[in-house]
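Data first, discussion second: the structure below is written as structure tokens.
Just follow the structure's listing: the first ligand is 1, and inside any ligand the first atom is 1. Each residue takes its place number in the sequence, starting with 1.
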Amino acid sequence: MIIESERTKAASGKTYEVRNPATGEVVDEVPAGGAADVDKAAKAAAKAFGSWSKLAPAKRAEILHKAARHMLGKVEEIAPILTKEQGKTLLESRLEAQRFGENIAWFADLADKIHGEHVSLPDTTTYGLVVRRPIGVTGAIVPWNFPLTLAANKVAPSIAAGNTVVLKPASTTPLATLACIEALIEGGLPEGVVNVVLGAATGEAIVDHPLIRKIALTGSTPTGKKVMARAAEGLKKITLELGGSDPCIVLDDADLEAAARAISVGRFFNCGQACLAVKRLYVQEGAYDALMEKLIARASKLKPGNGLDKDSRMGPMHTETQRAEVEAQVKDAVDRGAKILFGGSRPKGGDYDKGWFIEPTILENVPDGARMWTEEVFGPALPVRKIKDLDEGLRLANDSPFGLGSSIWTASMPAARRAVDELEAGYTWVNALQIAHDELPFGGTKQSGFGKEHGVEAFYQYTEQKSIVYGGV
Ligand code: NAD
């Protein structure tokens, strides 16, 4: 763990092993922290808040830029660590480590751009101001699918706004996160501004800790509900980035080559373990056969393999349980009459038998009510359905408890406009690859959570407004 810039053991002395999903080998052994460690980290963060929040914002920006530059110089060291603990390909790990540093720099640029307001009051010998202040110590709880980018989404706006952080990575992916925070510290991030605690028990302890004033969680919807209920005890601010089941609608007039590329990246990137991913595909009749041909051609090039091997195009799934869950969802669809168009099983033999590998999978004729439509599919399996028109596509797309992302491919501006107006989601991509941009607020609706990460909006969510009346002026 990292508390006050020092590598720290758990108070209990307990440790656990981190294993490589491609080989089953032990990558490292790390402290299994608990409530006592969260307490120590929260106190360190509260101490650091005193000086960090009082720094001139331009100075804070300068420190963060320097730290981010130093971290970005270590991307090649950090990427293999991420691949070994998470499973993703080296290319995906490099992109992710790069995004971590870029995100810190993006929010550093905002540090000295916090704005308040002047407000006229009825008594002209007084005037009102609204200022924005940092909140205090914030908690960041992160899942295993994108350990670095999802940590940066919370840490970067929080510290740029003058807060300090207790960060908890997922138990199975602590190593690259530790390396990134250590690199920021080596690059000049002051002691105690970001502290890292490890171990499954630390999540609840962060939510409970009285010094921690805001919780940002990325995780599954059931975890979000638990965290929300628990955070209510301490009346804490919360941001919840939860599960998703993003629909994608392709109409007859779409650019099918571009659509196939985006759907393939959208579903199979990171071995399908992404919150923003094309998880349900609705294709108009006239485009159906051509699009399926293109999608299958792309899926067939995604060779599963150890993420460290140069010719691997898709790493293993992160855990055995996660793979079993996706296989059960696919089996449920097949049992109900779905047809597998591509993949559908595990690659077998040799090194494949050591890890949690799975084939990219595409299914058609998946009946209503199948788990692939009603649940989040957190792996590389895509259910596809033929639709008559946009009306049917929009109805099916919105028939989900989730509302994270969504996309539409069409040459018709009126059709795109309707989709933008009617899709129930926090993001809609029109003829564009599903990428979450730093510049745009990102977050879900419905059971996908609330609050925003990315954008100026995320920065402001790490501040509180305070009203001031100046009398006798
Ligand atoms: P998870 O909910 O099991 O765990 C997420 C984090 O929360 C982990 O660090 C975990 O230890 C911690 N946690 C678990 N229970 C907790 C509790 N009661 N109190 C406090 N902390 C607790 O999720 P996961 O399996 O690691 O990740 C996959 C899920 O995350 C998927 O549902 C995916 O859609 C979602 N996700 C959402 C986004 C988004 O931005 N909306 C992004 C990525 C992943």
Salt-bridge criterion met for [X] and [Y] (N-O under 4.0 Å):
{"X": "Glu359", "Y": "Arg346", "answer": "no"}
{"X": "Asp421", "Y": "Arg417", "answer": "yes"}
{"X": "Glu96", "Y": "Lys88", "answer": "yes"}

Counting both backbone and side chain atoms, is some N or O of [X] under 3.5 Å from an N or O of ligand 1?
{"X": "Thr223", "value": "yes"}
{"X": "Pro143", "value": "no"}
{"X": "Gly219", "value": "yes"}

Side chain, backbone, both or neither: which applies to [X] and ligand 1 if a contact is any heavy-atom pair less than 4.0 Å apart?
{"X": "Thr218", "result": "both"}
{"X": "Val142", "result": "backbone"}
{"X": "Arg230", "result": "neither"}
{"X": "Leu276", "result": "neither"}
{"X": "Phe146", "result": "neither"}
{"X": "Asn145", "result": "side chain"}

Note to self: Please give me the minimum heavy-atom distance between Pro380 and Ile358, naming the atom from each residue.
What the structure shows: CG-CG2, 3.6 Å
Note to self: Using the ring centroid of each side chain, check whether Tyr282 and Trp373 are separated by less than 6.0 Å.
What the structure shows: yes
